[in-house]
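One structure below.
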There are 2 protein chains.
Amino acid sequence: MSAQLVAEHGLTINDYEALLHLARAEDGRMRRVDLAERLILTASGVTRLLDGLEAAGLVERASCASDRRVTYAVLTAAGRTKLHEASESHMADIRAYFEGRFSSEELKQLAALLGRLPGAADAAGEDCAA
Amino acid sequence: MSAQLVAEHGLTINDYEALLHLARAEDGRMRRVDLAERLILTASGVTRLLDGLEAAGLVERASCASDRRVTYAVLTAAGRTKLHEASESHMADIRAYFEGRFSSEELKQLAALLGRLPGAADAAGEDCAA
DNA sequence: CCGCTATACTTGAGTACGCAACCAATATAG
DNA sequence: CTATATTGGTTGCGTACTCAAGTATAGCGG
């Protein structure tokens, strides 16, 4: 399933998740640290992940006026488009996977239970929210 | 949690899982292919994982009489001991994690639902089964 | 019996990380 | 206002994988 993302859209799951978090964030931008926390990655992991997304033109850097240490990652128009494309097939894959194995009642239970795990501040069901 | 395993016992989660599957298998041995399937790794991943475990003396190679292509991975006594040690703290960690977040009723639901996912042929709850 | 495909495994190259060490800018303490 | 700690970020090195290619054995169909 994550292989689908790579094959069809050239995105790692973490690439995808990064774009997704950015799309949901205010102004489509986040500090690298915060992104790291969301993705459960180290700072260095985020640096290199964003290196790739920047090279692909899907995100840009922006500096912060009030704190010169931080550099924001900002979603570009191309990034937003890419996310939408990828989201379409990826969400369908996920949906098919779970709906093929669980009833909608069971899915509700699972969502309720697993939603309480740390790092689950999200994803009510609809797509990329942007 | 997987960091605990590495820090306290020098085992990757996959190292641990490999020992666990071997311990549960007949005669403590498995073909590398079958181990790969269980661990959701490629053949080459297993080769290198076992390289490490062999170097540590936790598993050994054995050849198959009826098919000279296959090499078995066999759990050594040291491997079994190591598994028991690691199992103790690892199971406790897992238990603490889930019991801290879910009631026993909820845990039963989760086990029933998630147990239906592919690759869940296992782990009724007790430790390393050996 | 001979080629052909499939299976079990290994090896070389590349990728996605983590960790530790580092620099720069900001907060806090004295 | 300096001195120290804290926070945001990048970089070098090591590790755990994957994929593609290669070797060896096994099991065909003709």
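In what follows, chains carry the letters A, B, and so on, assigned in the order in which the sequence lines appear, proteins first and then strands, with residues in each chain numbered from 1.
As a whole-Å value, the separation of B:Leu35 CG from C:dC9 P is 10 Å. Atom CG in A:Leu53 sits about 11 Å away from atom P in C:dC17, given to the nearest Å. One can place CG of B:Leu41 at 18 Å from P of D:dT15, the figure rounded to the nearest angstrom. Summarising the geometry, the separation between CD1 on B:Ile13 and C1' on C:dG18 is reported as 12 Å, rounded to the nearest angstrom. As a whole-Å value, the separation of A:Asp51 CG from D:dT11 C1' is 10 Å. One interatomic measurement links the two molecules: CG of A:Asp67 to P of C:dC23, which rounds to 20 Å at whole-angstrom precision. Separating the CG atom of B:Leu49 from the P atom of C:dC9 is a distance of 14 Å, rounded to the nearest angstrom. Remark: C1' of D:dA16 and CD of B:Glu17 are 15 Å apart, rounded to the nearest angstrom.
Within the structure, every side-chain polar atom (N or O) of A:Ser44 is placed at least 4.0 Å from both OP1 and OP2 of D:dT10. Side-chain N/O atoms of A:Arg32 include none lying less than 4.0 angstrom from OP1 or OP2 on D:dT7. For the OP1/OP2 pair of D:dA26 and a distance below 4.0 Å, the side-chain nitrogens and oxygens of B:Arg68 include at least one atom meeting the criterion. Phosphate proximity of C:dT10 to B:Arg61: present, with a side-chain N or O under 4.0 Å from OP1 or OP2. Under 4.0 angstrom from either OP1 or OP2 of D:dT18 there lies at least one side-chain N or O belonging to B:Thr42. At C:dT10, one or more side-chain N or O atoms of B:Thr47 fall inside 4.0 Å of OP1 or OP2 (strictly under the cut-off). Proximity of B:Asn14 to the phosphate of D:dA16: no side-chain N or O atom is located under 4.0 Å from OP1 or OP2.
Checked by atom type, the side-chain pair B:Tyr16/B:Ser87 shows a donor-acceptor distance below 3.5 Å.
Among the atoms of the strands shown, only primed sugar atoms or phosphate atoms (P, OP1, OP2) are found under 4.0 Å from some heavy atom of A:Ile40. Contact annotation for B:Arg31: backbone-only contact, meaning every heavy-atom pair under 4.0 Å involves sugar-phosphate atoms and none involves a base.
We find that A:Arg116 and B:Glu106 are joined by a salt bridge, their nearest charged nitrogen and carboxylate oxygen being less than 4.0 Å apart. Using a 4.0 Å cut-off between charged side-chain N and carboxylate O, A:Glu54 and A:Arg32 make a salt bridge.
Atom CG of B:Leu114 is separated from atom CG of A:Leu113 by 9.0 Å, given to the nearest 0.5 angstrom.
The number of heavy-atom neighbours closer than 6.0 Å to CZ of B:Arg101, taken from other residues, nucleotides and ligands shown, is above 12.
Comparing A:Ser66 and A:Val46 by the nucleotide of DNA chain C whose heavy atom lies nearest to each, the residue mapping closer to the 5' end is A:Val46. Along DNA chain C, the nucleotide closest to A:Ala65 and the one closest to A:Asp15 are compared, and the more 5′ of them pairs with A:Asp15.
The base of C:dT10 does not come close enough to the side chain of B:Arg69 for any donor and acceptor atom to sit less than 3.5 Å apart.
Among the nucleotides C:dA13, D:dG8, C:dC17, the one closest to any side-chain atom of B:Arg48 is C:dA13.
The backbone N or O of B:Leu58 sits less than 3.5 Å from a side-chain atom of B:Thr76, completing a donor-acceptor pair.
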